[in-house]
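Notes follow once the structure below has been shown.
First listed ligand is number 1; within each ligand, the first listed atom is number 1. The structure presented is a predicted model; accordingly, all values stated were derived computationally and were not measured.
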Amino acid sequence: MKLYHLSSGPLKVNTYFLVNEKTGGAIVIDGGENYNLVRKTEEKYGFKIKAVLLTHAHFDHAGNAKKLQDDGAKIYVSVKDAPKLTNDDNLAADFGRKFDYCRADRTFSDGDELDIEGIKIKAIATPGHTDGSVTFLTGDMIFTGDTLFRESVGRTDFKTGDREELVRSVKKLFALPGDYRVFPGHDEFTTLSYERAHNGFIDYD
Ligand SMILES: [Zn+2]
């Protein structure tokens, strides 16, 4: 499996591509808003996007999901964030952005193991930024969306956000055994061991 990454837009949203090199099929984690950039990345590296996985359904992460779905990709989102793909809880209206409403092809809940294109990914419920936010775990990598950032955590002042839940969620990630490379929804990559030691937003012991 190979990982590619794209940062896009003023919010520096991270889009990740997990590619099965044997089949050429790829999973996108958080497509972002920019459809053309995702397509260019696909062409550049020669893979084919089969699925779009959303850490949560905010517009800046899910904005191009409908267009990718129209091209044949399946949309995967948590049960709790699925309704945000068809209502204003995706925050697009609040930020003056357009949003192409779409329906999930598949929803999942805490602990579900997804097997897409021969790539196994576990969904871990990490609510707090939204009530349906998840972290995806595969191999030695976790994709934390807007739950955990390098030396920071996600905002909880949006609709369906909850500070106490977010703290619990980050502690749940910190309690994972061993170390993981951490790929957040915005900004720089980090590791779980670094965040356990340096993330000032969560008291961890
Ligand atoms: Zn968000």
Side-chain angles (χ1 to χ4, degrees), residues 5-17 27-35 37-38 51-69 75-104 107-110 121 123-137 141-173 182-190 192 195 199 201-202:
H5 162 254
L6 178 68
S7 171
S8 63
L11 298 171
K12 288 188 185 166
V13 173
N14 289 323
T15 293
Y16 301 99
F17 304 87
I27 297 167
V28 178
I29 297 179
D30 290 349
E33 285 189 275
N34 193 321
Y35 170 78
L37 218 47
V38 167
V52 179
L53 272 61
L54 301 172
T55 59
H56 64 298
H58 279 160
F59 72 98
D60 51 329
H61 299 257
N64 62 14
K66 169 78 166 75
K67 286 197 177 100
L68 295 170
Q69 186 181 43
I75 299 177
Y76 290 66
V77 67
S78 72
V79 171
K80 281 191 180 159
D81 261 28
K84 299 178 185 64
L85 295 174
T86 54
N87 71 34
D88 285 344
D89 284 355
N90 61 52
L91 304 183
D94 292 322
F95 281 77
R97 307 290 297 173
K98 281 210 291 188
F99 189 87
D100 292 329
Y101 288 143
C102 52
R103 293 199 178 277
T107 56
F108 50 77
S109 302
D110 185 34
I121 299 179
I124 303 170
T126 48
H129 176 67
T130 66
D131 55 355
S133 284
V134 301
T135 291
F136 295 115
L137 185 155
M141 303 181 277
I142 53 173
F143 298 87
T144 56
D146 290 0
T147 299
L148 174 65
F149 299 119
R150 183 182 152 89
E151 295 185 14
S152 187
V153 295
R155 285 175 64 170
T156 53
D157 55 332
F158 298 128
K159 294 165 194 166
T160 81
D162 185 301
R163 171 78 192 172
E164 282 176 26
E165 271 202 316
L166 182 96
V167 169
R168 271 199 296 277
S169 292
V170 173
K171 285 184 175 174
K172 185 176 172 182
L173 294 178
V182 175
F183 297 100
H186 300 266
D187 304 316
E188 287 173 73
F189 310 151
T190 181
L192 209 48
E195 295 309 313
N199 193 304
F201 286 81
I202 304 290

If every non-hydrogen atom of [X] is compared with every non-hydrogen atom of [Y], which pair is closest and at what distance?
X      : Y      : value
Thr55  : Phe143 : CG2-O, 4.1 Å
Leu6   : Phe17  : CB-CE1, 4.0 Å
Leu137 : Ile124 : CD1-CD1, 3.8 Å
Asp89  : Asn87  : N-OD1, 2.8 Å

Distance filter under 2.8 Å, centred on the Zn ion (ligand 1) - protein N, O or S atoms that pass it: His56 NE2, His58 ND1, His129 NE2, Asp146 OD2

When rounded to the nearest 0.5 angstrom, what is the spacing between CG in Leu173 and OG1 in Thr144? 7.0 Å

Pair Asp187 + Arg150: basic N to acidic O under 4.0 Å: no

